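Data first, discussion second: the structure below is written as structure tokens.
All of these numbers come straight from a predicted model, not from anything done at the bench.
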Amino acid sequence: MTVRTRFAPSPTGYLHVGGARTALFSWLHARKHGGHFILRIEDTDLERSTPESVNAILEGMAWLGLDYDEGPFFQTRRFDRYDEVIKELLAAGQAYRCDCSKERLDALRGRQMRNKQKPRYDGRCRARDVDPEQPHVVRFRTPLEGATVIEDLVQGRVVLPNSELDDVIVRRSDGSPTYNLSVVVDDMDMEVTHVIRGDDHLNNTPRQVQILRALGKPLPVYAHVPMILGEDGARLSKRHGAVSVVQYRDAGFLPEALLNYLVRLGWSHGDDEVFTLDEMLEFFDLSDVNKAASRFDSEKLLWLNQVYIKSSAPEHVARHLSEQLGRLGIDPTTGPDPVGVALAQRERAKTVLEMAENSVYFYQDYDEMDVRAASKHLRPVALEPMALLRDRLASLGDWSAPRIHDAITGTAESLHLKLGKLAQPLRVAATGRGVSPPIDVTLELLGKERALQRIDGALAYIRARVEQG
RNA sequence: GUCCCCAUCGUCUAGCCGGCCUAGGACACCGCCCUUUCAAGGCGGCAACACGGGUUCGAAUCCCGUUGGGGACGCCA
């Protein structure tokens with residue numbers, strides 16, 4: 001039997017990191033076993049589902065490279081099918097109509113809570129014959145006796161007495177199906193073999209198992225993966241800032257870095273930390289997934305992102321860099337090849353956004369210099385050495401880092417200056433700040449014309465300082 | 001409140017079918033080295049088996065309880 005997994009988000013928001021990891025595990029499991037990965041949009045909640053959310057989810061999945069073989073399926077297009085199953089249950093006496101009012105239900109819940117009981121439907125309509133023409137919901141008739149056992153791939157055996165379950169609503173009074181019914185029908189119709197989802201669904205599983213049994217269908221294999229908590233240990237929410245996958249994209253993260261970070265949350269393979277997609281596929285196994293919830297640690301994500309920035313092909317990083325430059329309003333064709341910039345900056349950027357922000361001076365003249373850097377390094381003592389170096393650089397025929405380097409060290413030696421005494425002023429002149437890639441590389445990228453221009457500007461700055469005393 | 005799940009360094013985790021663990025790796029943090037800046041890199045350091053009972057010659061590893069955390073309890077998914 002071929003493996004079939006699915007990712008089934010409800011379109012009520014963006015794709016957050018928790019959902020993305022569930023999708024990743026599901027995708028990995030399908031791909032590893034040569035199976036199919038299905039995307040299904042659970043939009044039965046007409047009130048809260050939005051097309052924007054659907055797009056946000058698709059966008060996030062696409063960015064991460066989690067491609068699906070089937071779908072996206074929309075549950076709203078399958079209402080007829082759900083109704084068919086509900087009728088089947090009704091006809092078999094596995095479900096019944098209920099016309100209990102919200103008020104009665106609320107009162108019942110209140111009473112039960114006060115009595116320190118678990119709030120649940122009392123089954124008042126189980127034996128009543130509710131008029132199908134009058135407003136009503138349909139409830140599943142849960143067995144009163146026995147227990148439901150789930151053999152979960154990550155949670156192990158979970159047993160829940162059926163007395164803990166109440167009769168869930170499977171069809172609302174407006175005729176729409178509820179979650180527990182639609183998932184069951186879909187997973188069954190789509191022949192899903194492995195239901196991989198967050199463990200917040202573990203409590204729902206016995207109900208779904210009961211419905212499946214009532215329908216006489218085989219059970220899928222369940223795997224409830226632990227949740228991802230925010231850095232403060234609380235459930236992930238908007239309050240935690242950047243939890244949306246596309247926000248990480250915009251913040252300059254590489255999709256492979258996020259994927260790598262996510263796969264290591266709740267799963268491990270010995271002491272390994274960095275995995276290529278192929279390695280993930282080779283080593284990932286649901287049975288190695290932890291049971292405990294884990295916290296999201298953005299520091300470690302940042303580290304991994306830098307690992308990927310440093311080790312990926314420069315051309316690949318450069319593509320992301322160009323995008324980020326574009327978002328900063330810079331046209332990458334107005335300066336050095338982003339590949340060279342990526343190569344020069346890769347060791348000093350934890351995100352591509354940071355890399356772009358620190359590379360602006362390659363493409364645009366700086367408006368003003370960093371005050372501290374300028375006052376520290378562009379001092380009168382630097383005037384002569386800089387002027388000398390400027391001429392030497394100007395005479396360079398081959399504007400390459402090695403030649404530039406020779407010019408700088410040559411000048412420093414002839415003046416008996418420590419390299420830093422010359423390199424730092426030069427850096428401030430060239431970039432307007434005290435930090436940059438190695439100065440020879442920086443100058444090469446800048447180009448001869450631009451570099452000399454900026455040195456001239458810095459010389460003028462120093463002269464003005466001399467005059468001011 | 002009731003039920004379900006969980007519990008190793010600050011964080012992610014290895015180990016968990018008992019002895020190889022004076023508990024390993026990674027992030028973060030601290031120190032040293034390298035160094036034209038910032039980084040990167042190298043080396044070193046700090047730091048945990050939640051607690052209490054058992055079982056056993058022997059427990060991080062098995063059992064029970066306590067505490068703590070998370071989840072579910074909706075005509076949300």
Side-chain angles (χ1 to χ4, degrees), chain A residues 8-12 42-45 47-49 75 98 100 102 105-106 109 112-120 135-139 152 155-156 158-161 163-166 168-180 182-183 197-206 224 226-227 229 231 233-235 261 264-274 290-304 306 310 345-350 358 373 377 405 408-409 412 418-428 431 433-440 442:
Chain A
S10 63
T12 53
E42 310 221 318
D43 54 354
T44 54
D45 183 354
E47 301 276 300
R48 300 194 300 164
S49 300
Q75 294 192 318
C98 164
C100 292
K102 277 199 172 100
L105 263 19
D106 286 345
R109 248 191 297 276
Q112 288 164 329
M113 291 284 257
R114 276 194 300 281
N115 292 337
K116 299 183 192 302
Q117 288 171 329
K118 187 173 185 169
R120 50 215 293 279
H136 66 273
V137 299
V138 174
R139 289 183 183 272
D152 193 283
Q155 303 290 333
V158 179
V159 182
L160 196 82
S163 56
E164 286 300 322
L165 269 24
D166 63 354
V168 267
I169 292 175
V170 290
R171 187 173 72 191
R172 302 184 182 95
S173 47
D174 67 359
S176 62
T178 59
Y179 166 75
N180 280 297
S182 54
V183 234
R197 60 186 11 165
D199 70 7
D200 47 336
H201 286 291
L202 188 57
N203 288 279
N204 285 321
T205 309
H224 287 93
M227 308 198 65
L229 273 21
E231 320 231 2
R235 193 189 182 122
Y261 177 71
R264 277 287 287 104
L265 229 40
W267 174 80
S268 61
H269 179 259
D271 287 339
D272 298 347
E273 294 288 350
V274 181
N290 275 170
K291 292 174 166 189
S294 40
R295 294 187 191 208
F296 193 87
D297 180 6
S298 48
E299 287 293 340
K300 189 161 181 181
L301 204 213
L302 235 23
W303 168 74
L304 259 176
Q306 183 167 39
K310 273 187 306 189
Q345 296 280 38
R346 71 206 298 204
E347 274 128 27
R348 60 208 100 232
K350 287 187 183 298
N358 290 335
H377 299 295
H405 184 259
I408 297 170
T409 51
K418 285 184 71 179
L419 207 47
K421 294 289 177 197
L422 195 53
Q424 275 310 91
L426 186 57
R427 188 185 314 280
V428 177
T431 68
R433 50 212 292 186
V435 174
S436 85
I439 190 61
D440 48 351
T442 301

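Considering only residues two or more places apart in sequence or on other chains, A:K421 meets the side-chain hydrogen bond (donor to acceptor under 3.5 Å, both in side chains) condition with none of them. Residues passing the salt bridge (Lys or Arg N to Asp or Glu O under 4.0 Å) test with A:D45, sequence neighbours excluded: A:R48. Annotation: side-chain hydrogen bond (donor to acceptor under 3.5 Å, both in side chains) contacts of A:N290 (sequence neighbours excluded): none. Checked against ring pair (Phe, Tyr, Trp, His ring centres under 6.0 Å), A:H136 has no partners two or more places apart in sequence or in another chain. Every residue two or more places apart in sequence or in another chain that forms a side-chain hydrogen bond (donor to acceptor under 3.5 Å, both in side chains) with A:R433 is listed here: A:N358. Take A:R171 and apply the salt bridge (Lys or Arg N to Asp or Glu O under 4.0 Å) test, not counting sequence neighbours, and it matches A:D83. In terms of the salt bridge (Lys or Arg N to Asp or Glu O under 4.0 Å) criterion, A:R295 has no residue partners (sequence neighbours excluded). Residues meeting the side-chain hydrogen bond (donor to acceptor under 3.5 Å, both in side chains) test with A:E42, sequence neighbours left out: A:R40, A:Q75.
Counting distance only, with no hydrogens placed and no angle test, the side-chain atoms of A:D271 and the base atoms of B:rG24 include a donor-acceptor pair under 3.5 Å. With hydrogens and angles left out, the side chain of A:N204 and the base of B:rA77 share a donor-acceptor pair within 3.5 Å.
Partner assigned to B:rC75 is none, using Watson-Crick or G-U wobble distances below 3.5 angstrom. Nucleotide B:rU66 forms a Watson-Crick or G-U wobble pair with B:rA50, both donor-acceptor distances falling under 3.5 Å.
Whole-Å rounding puts the A:L105 CG to B:rC73 P distance at 14 Å. Straight-line distance from the CG atom of A:L165 to the C1' atom of B:rU2: 14 Å, rounded to whole Å. Atom P of nucleotide B:rU2 and atom CZ of A:R114 are separated by 16 Å, given to the nearest angstrom. As rounded to whole Å, 13 Å separates atom C1' of B:rC73 from atom CG of A:L202. Taking atom CG of A:N203 as the reference point, atom P of B:rC5 lies 9 Å away to the nearest angstrom.
With A:Q306 contributing its side chain and A:E347 its backbone, the two residues share a donor-acceptor pair below 3.5 Å.
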| Heavy-atom protein contacts under 4.0 Å, nucleotides 6-11 of chain B, coded B base, S sugar-phosphate only, - none | SS---S
| note | Quick tally for nucleotides 29-45 of chain B: nucleotides whose base has a protein heavy atom under 4.0 Å get B, sugar-phosphate-only ones S, the rest -, giving -------BBBBSS----
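Here A:R109 reaches the OP1 or OP2 of B:rG74: one of its side-chain N or O atoms lies under 4.0 Å away. Contact check, A:T44 against B:rA77: a side-chain N or O comes under 4.0 Å of OP1 or OP2. In this structure, A:N290 reaches the B:rU13 phosphate: one of its side-chain N or O atoms is under 4.0 Å from OP1 or OP2. Taking only side-chain nitrogens and oxygens, A:N115 never comes nearer than 4.0 Å to OP1 or OP2 of B:rU2.
The side chain of A:R264 sits closest to B:rG25 out of B:rG74, B:rC3, B:rG25. For A:H201, the side-chain atoms get nearest to B:rA77 when compared with the rest of B:rC3, B:rG70, B:rA77.
The nearest heavy atom of RNA chain B to A:E273 and to A:C98 marks one nucleotide each, and the one closer to the 5' end goes with A:E273. Where A:R171 and A:G266 meet RNA chain B, the nucleotide closest to each residue was compared, and A:G266 sits on the side nearer the 5' end.
A:E164 comes within 4.0 angstrom of the backbone, heavy atoms only, and of no base. Within 4.0 Å (heavy atoms only), A:S173 reaches at least one base atom of the nucleic acid. Among the atoms of the strands shown, base atoms are found under 4.0 Å from some heavy atom of A:K118.
Side-chain polar atoms of A:R109 and A:Q112 form no donor-acceptor pair below 3.5 angstrom. The closest side-chain donor-acceptor pair between A:D174 and A:S176 falls under 3.5 angstrom. The closest side-chain donor-acceptor pair between A:R264 and A:S294, if any, does not fall under 3.5 angstrom.
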Show me the protein contacts with nucleotides 62-65 of chain B, counting only N or O atoms at under 3.5 Å.
none

Going by atom type alone, with no hydrogens or angles, which donor-acceptor pairs under 3.5 Å involve a side-chain atom of residues 296-303 of chain A and a protein atom two or more places apart or on another chain?
{"unit_1": "A:D297", "atom_1": "OD1", "unit_2": "A:E299", "atom_2": "N", "d": "3.1"}
{"unit_1": "A:S298", "atom_1": "OG", "unit_2": "A:E231", "atom_2": "OE2", "d": "2.6"}
{"unit_1": "A:K300", "atom_1": "NZ", "unit_2": "A:E273", "atom_2": "OE1", "d": "3.1"}

